[in-house]
Amino acid sequence: MTSREVCSCGQGFLHATDIQGLPPTLTVSVTGDPLTPHQGGISLAETLGGSLQTVEGAQHGSLITGLERIDSVVVAYRVEVKTPPAGGSCRM
């Protein structure tokens, strides 16, 4: 078996799975995002085996909103590769 498998998941999108040595990942997903549905964020986090930070809101993007909860999670991840506990969420 190679270190990378490719899956189309029946949706026409190719992505790598089973990547050896992948560090912990963080996915931030907004529940009402009109451009990238929240289910896609959930699926991405599950596929990567990583952490999901759910943001309750109705806009696209959440990383430049100035919300302390989101900023602190993202900074902790970027600086220390520290992911939040499972089930993390906040409101915009």
Could you walk me through whether Q53 and I70 pass side chain to side chain contact (heavy atoms under 4.5 Å, CB included), step by step? CA-CA 8 Å; Q53 177 69 42; I70 299 167; 5.5 Å; no
Sequence neighbours left out, cut at 3.5 Å: what donor-acceptor pairs do the side chains of residues 30-42 make with other protein atoms?
unit_1	atom_1	unit_2	atom_2	d
T31	OG1	G57	N	3.2
T31	OG1	G57	O	3.3
D33	OD1	L35	N	2.8
D33	OD1	T36	N	3.1
D33	OD1	H60	ND1	3.0
D33	OD2	T36	OG1	2.8
D33	OD2	H60	ND1	2.9
H38	ND1	S29	OG	2.8

Kindly work out whether a path of hydrophobic side-chain contacts (I/L/V/M/F/W/Y, heavy atoms less than 4.5 Å apart) joins Y77 to V28. yes
Going by atom type alone, with no hydrogens or angles, which donor-acceptor pairs under 3.5 Å involve a side-chain atom of residues 78-87 and a protein atom two or more places apart or on another chain?
none

Report the residues that fulfil salt bridge (Lys or Arg N to Asp or Glu O under 4.0 Å) with E46, sequence neighbours left out, ordered by chain and then residue number. none
Are L48 and L52 in one and the same hydrophobic cluster, where Ile, Leu, Val, Met, Phe, Trp and Tyr link if side-chain heavy atoms are under 4.5 Å apart? no
